Protein chains: 2
Amino acid sequence: MTKRRPQTQARLLDAALEAFAANGFGGTRIEDVCERAGYTRGAFYSNFSTKEELFFALFDRHAARVLERFEKQAAALGDSRVTVEAIAAALAEFDDDERTWYLVTTEFTLSAIRDPAAARRLAEHDARLRAEAVRLLGERLEHAGLRPRPGIDLESLVRMLIAIREGALAQSYVEPEALPPGTLERRFLPALLGAVTQAG
Amino acid sequence: MTKRRPQTQARLLDAALEAFAANGFGGTRIEDVCERAGYTRGAFYSNFSTKEELFFALFDRHAARVLERFEKQAAALGDSRVTVEAIAAALAEFDDDERTWYLVTTEFTLSAIRDPAAARRLAEHDARLRAEAVRLLGERLEHAGLRPRPGIDLESLVRMLIAIREGALAQSYVEPEALPPGTLERRFLPALLGAVTQAG
DNA sequence: GCTATCGGATACATTCACGTATCGGATACG
DNA sequence: CGTATCCGATACGTGAATGTATCCGATAGC
């Protein structure tokens, strides 16, 4: 019997995302999640056994969605012309719900740094995402008539771009008015990308 | 009467740092901190009123120490000659207890993103730290016979360097073997710094 | 449509962390 | 020294979040 079940789980996960983003993992009670989802704690314990399990389930769903969306974007871009500036501009754009994800994934990252099992899980997902990013960035550079300078591999470059994105977001969310998301990317990525690539 | 008092507070703060780094803010009980420090909860409530207060006290102490250390480094460097590579190398170095600080400050940042009051506090501290960094970087660049290219201000550049540092650390701590701390800095900072500065 | 099973609600007991109030020992001061 | 005050320990009460056990309604198979 499984008609309601997936829906219930999905709603609980949606609610958990909201709750964790609003109050953090430690700061949300199981009942918070249930209230947001429109259930009681009975429903929760019928579907999950601990708050941690819910957290991990949320991460897995989120990871799958991010990857899926990313693959679609990569596929959709096709053969369009690009420049270094265009690549930088694309990296300076942010979804509306980026903030919510940022809060939850960063907290997950923290737990992963403390817990080897979670770290493996996170590393695996990140590797898949990076592979897509490497593919996408490689295509874009090729279309722009560029290739990495000697000593620069795309994998590292992607890691660098991710680091910049995450680090810049942290500052932007602490001081949204002083540093709107994308500011640092727009200002520095063209120079950085130009410096690590060459014609060819 | 104040002989034991500062010592007790210091020990509680040390213990809190350990505990928060190990289990996160939400995940540590006040008693955890007291046990690590070798006291009972009575000592805690005699010195602090809430766990949040302890957290802020810890943060303030850390901020003061970092600033102090930073100023010393700036003073010690004096007029020595530098290159872009030397600056990059300096930014690629990490304390042993950097990891502990990273865990605690990142969690604090998350709470600050959620709470405007904490965000102001954090922004204030960060601004002081950035001001020192701007001064130091300006001196180093001058000694290297460089100045920022038009359109690049040092303040933004420092923000960028901090973003890179934090973002890279996150990846390094999740996969220490795949990406030891400093890897990305060594690989990309020379190019980045070279691209955003010019002789003068 | 009847029934067996499943999913979620309700009610309860328990655990756990918290905060306070009080006590005993140590320290600075006269 | 003696004493007043401060500091940390101990013991207790409280509230909140948790987990479980049971119940009721809904759903799928016959």
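Everything numeric in this text was worked out from a predicted model, so none of it was measured.
A ring-centre distance under 6.0 Å is not found for A:Phe44 and A:Tyr39. For an aromatic pair to be called close, the ring centres must be under 6.0 Å apart, and B:Phe20 with B:Phe55 satisfies this. Ring centers of A:Phe56 and A:Phe108: under 6.0 Å apart, within the cut-off.
In this structure, B:His62 and B:Trp101 have parallel ring planes: the angle between them is below the 30° cut-off, well short of the 60° mark.
In this structure, the CG atom of A:Leu54 is 12 Å from the P atom of D:dG19, given to the nearest Å. One interatomic measurement links the two molecules: CG of B:Asn23 to C1' of C:dC16, which rounds to 16 Å at whole-angstrom precision. Computed from coordinates, the A:Glu35 CD to D:dA17 C1' distance equals 12 Å when rounded to whole Å. When the P atom of D:dC6 is taken as reference, atom CD of B:Gln9 falls 15 Å away, rounded to whole Å. In this structure, B:Phe48 atom CZ and D:dG8 atom P are separated by 10 Å, rounded to whole Å.
You'll find that the side chain of B:Lys51 is closest to C:dC18, out of C:dA28, C:dT10, C:dC18. Across D:dC7, D:dG19, C:dG8, the shortest atom-to-atom separation from the side chain of A:Arg41 is found for D:dG19. When distances run from any side-chain atom of B:Lys3 to the nucleotides C:dA17, C:dA28, C:dG19, the shortest one goes to C:dA28. Here the nucleotide nearest the side chain of B:Arg4, chosen from C:dA17, D:dC7, D:dT18, is D:dC7. Set against C:dC18, D:dG8, D:dA17, the side chain of A:Arg29 has D:dA17 as its closest nucleotide. Comparing atom distances between the A:Arg5 side chain and each of D:dT20, D:dA17, C:dG7 picks out C:dG7 as nearest. Residue A:Thr40 places its side chain closer to C:dT10 than to any other of C:dT10, C:dG19, D:dA9.
For the side chain to side chain contact (heavy atoms under 4.5 Å, CB included) test with A:Leu146, the passing option among A:Val82, A:Val84, A:Val196 is A:Val84; the others fail.
Residues A:Gly42 and A:Glu31 both approach DNA chain D. Their nearest nucleotides, taken by heavy-atom distance, put A:Glu31 toward the 5′ side. Annotation: of the two residues near DNA chain C, A:Ala43 and B:Ile30, the 5′-most nearest-nucleotide partner is A:Ala43.
Contact annotation: A:Asn47 reaches the phosphate of C:dG8 (side-chain N/O to OP1 or OP2, under 4.0 Å). Phosphate proximity of D:dG19 to A:Tyr45: present, with a side-chain N or O under 4.0 Å from OP1 or OP2. At the phosphate of C:dG7, neither OP1 nor OP2 sits under 4.0 Å from any side-chain N or O atom of A:Thr8.
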